[in-house]
Engineer: 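Can you read through this structure? Questions will come right after.
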Amino acid sequence: MCGRFAVTTDPALLAEKIKALDESAAATGNGGPPQPNYNVAPTTDITSVVKRHDEPDDESTRRVRTMRWGLVPSWAKTAPDGGPDTKGPLLINARAETVTTSAAFRTSAKGKRCLVPMDGWYEWRPNGEGTGGKKAAKTPFYMYGADGELLFMAGLWSTWRPKDAARDAPPLLSCTIITTESAGPLAEIHDRMPLTISERDWDHWLDPDAPIDEGLLRGHGDLDRIAIREVSRLVNSVRNNGPELIEPAEPQPEQATLL
């Protein structure tokens with residue numbers, strides 16, 4: 001699962017670094033300069049990377065775009081307020097094992113694959129039973145690139161327009177992050193993790209004209225780059241958002257014992 005993550009890189013700088021066109025909200029005048037976000041939550045607008053054509057016969061190129069986190073299928077109904085009907089579960093994650101067969105994701109899996117860059121993501125480890133028969137509070141951990149570089153997670157994206165919208169009306173762009181079974185030390189935190197894509201495979205994954213690579217869906221990409229550290233429970237609340245969320249947790253003082 002991936003339900004919360006951190007990203008601090010400006011889309012314009014990201015586009016320059018990965019040699020992509022900057023089509024983010026800030027670049028197109030649809031939003032102000034983005035701020036570092038240490039506690040990205042579902043339905044937030046996030047940065048993604050896609051490959052698209054300008055013309056049908058030209059070569060596809062990388063583009064940095066802003067999308068809503070929580071995929072809205074193109075066939076989603078229009079709510080009374082004119083937005084998408086999202087009464088069902090938020091499609092923030094898609095299981096790697098079923099993206100090609102799931103009704104919600106199979107169309108996007110064919111030719112609308114993306115990458116979601118992030119500094120790292122959070123996961124909570126259960127701690128068993130607490131006092132009074134209640135479950136103990138879960139411990140938050142932060143998984144990040146040990147080399148200081150961004151991680152790029154496999155994703156799918158979609159376009160949605162309200163019913164009866166004009167053909168030239170800008171669509172709602174939305175995406176989901178693909179998850180896979182956790183491996184190595186990550187499995188001790190949670191049984192699922194985002195599917196990482198290594199730089200050498202970016203263009204292959206993003207290629208809008210090629211079928212999805214089942215091998216990448218079964219891989220673990222940059223697993224060897226990922227480090228883990230326990231962090232403060234401040235991250236439990238989406239109201240908290242700052243660099244202190246990714247700092248190592250303060251050691252808990254030992255409780256005194258009565259002699």
Engineer: Could you check whether any side-chain N or O of Ser198 sits under 3.5 Å from a backbone N or O of Arg200, counting only pairs where one atom can act as donor and the other as acceptor?
Structural biologist: no
Engineer: Mind checking whether Met67 and Val50 have side chains closer than 4.5 Å, heavy atoms only?
Structural biologist: yes
Engineer: Which residues pass the side-chain hydrogen bond (donor to acceptor under 3.5 Å, both in side chains) test with Asp147, sequence neighbours left out?
Structural biologist: Arg225
Engineer: Roughly how far, to the nearest 0.5 Å, is the CG atom of Leu115 from the CG atom of Leu151?
Structural biologist: 11.5 Å
Engineer: Between OG1 of Thr61 and CG of Asp54, what distance do you get to the nearest 0.5 Å?
Structural biologist: 5.5 Å
Engineer: Listing request: all side chain to side chain donor-acceptor pair (under 3.5 Å) pairs with a residue in residues 172-189, at least two apart in sequence or in separate chains.
Structural biologist: Thr179-Arg192
Engineer: Using the rule that Ile, Leu, Val, Met, Phe, Trp and Tyr join whenever any side-chain heavy atoms are under 4.5 Å apart, tell me whether Met193 and Met143 fall into a single cluster.
Structural biologist: yes
Engineer: With a 4.5 Å limit on heavy-atom distance, are the side chains of Thr43 and Leu90 in contact?
Structural biologist: yes
Engineer: Say whether Thr159 and Lys112, considering side chains only, have a donor N or O and an acceptor N or O under 3.5 Å apart.
Structural biologist: yes
Engineer: Would you check if Tyr122 and Val231 make a side-chain contact, meaning some heavy-atom pair closer than 4.5 Å?
Structural biologist: yes
Engineer: Determine, for Glu250 against Arg233, whether the closest basic-nitrogen to carboxylate-oxygen distance falls under 4.0 angstrom.
Structural biologist: no
Engineer: What I want to check is whether the side chains of Asp45 and Thr66 have a donor and an acceptor closer together than 3.5 Å.
Structural biologist: no
Engineer: Nearest 0.5 Å, please: how far is CG in Leu206 from OG in Ser60?
Structural biologist: 8.5 Å
Engineer: Got more than 12 heavy atoms from elsewhere within 6.0 Å of CD, Glu244?
Structural biologist: yes
Engineer: Which atom names give the shortest non-hydrogen contact between Lys138 and Pro126, and what distance separates them?
Structural biologist: CG-CA, 3.9 Å
Engineer: Would you say the side chains of Asn240 and Asn39 form a donor-acceptor pair under 3.5 Å?
Structural biologist: no
Engineer: Is the shortest heavy-atom distance from the side chain of Trp202 to the side chain of Ile197 under 4.5 Å?
Structural biologist: yes
Engineer: How long is the span from the CG atom in Asp222 to the CD atom in Glu149, to the nearest 0.5 Å?
Structural biologist: 10.5 Å
Engineer: Using the rule side-chain contact (heavy atoms from CB on, under 4.5 Å), only one of Ile189, Leu245, Val235 pairs with Pro140; which is it?
Structural biologist: Val235
Engineer: Is the centre of the Trp69 ring less than 6.0 Å from the centre of the Phe5 ring?
Structural biologist: yes
Engineer: Between Trp157 and Ser108, which heavy-atom pair has the shortest distance, and what is it?
Structural biologist: O-OG, 2.7 Å
Engineer: What do you reckon, are the aromatic ring centroids of Phe141 and Trp124 less than 6.0 Å apart?
Structural biologist: no
Engineer: Checking side-chain contact (heavy atoms from CB on, under 4.5 Å) against Arg4, which of Val238, Thr44, Val40, Ile92 comes through?
Structural biologist: Val238
Engineer: For the residue pair Gly83 and Trp160, what are the closest heavy atoms and their distance?
Structural biologist: C-CH2, 3.3 Å
Engineer: Which atom pair, heavy atoms only, marks the closest approach of Ser232 to Ala249?
Structural biologist: N-CB, 4.0 Å
Engineer: Please report the interatomic distance CG(Leu71) to OG(Ser158), rounded to the nearest 0.5 Å.
Structural biologist: 5.0 Å
Engineer: Kindly indicate whether the side chain of Thr47, heavy atoms from C-beta on, has any atom under 4.5 Å from the side chain of Pro117.
Structural biologist: yes
Engineer: Would you name the heavy atoms of Asn93 and Phe105 that are closest together and state the gap between them?
Structural biologist: O-CZ, 3.7 Å
Engineer: Is Lys51 close to Asp207 at the side-chain level, that is, under 4.5 Å between some pair of heavy atoms?
Structural biologist: no
Engineer: Taking atom CD of Glu247 as the centre, does the number of heavy atoms from other residues, nucleotides or ligands within less than 6.0 Å exceed 12?
Structural biologist: yes
Engineer: Can you check whether Val64 reaches Ser48 side chain to side chain, under 4.5 Å on heavy atoms?
Structural biologist: no
Engineer: With rounding to the nearest 0.5 Å, note down the distance linking CG in Asp191 to CD in Glu123.
Structural biologist: 8.5 Å
Engineer: Taking the side chain as every heavy atom from C-beta outward, state whether Leu14 and Asp22 have any pair of such atoms under 4.5 Å apart.
Structural biologist: no
Engineer: Taking only residues two or more places apart in sequence, or in another chain, which ones meet Glu23 in a salt bridge (charged side-chain N to carboxylate O under 4.0 Å, His left out)?
Structural biologist: Arg63, Arg65
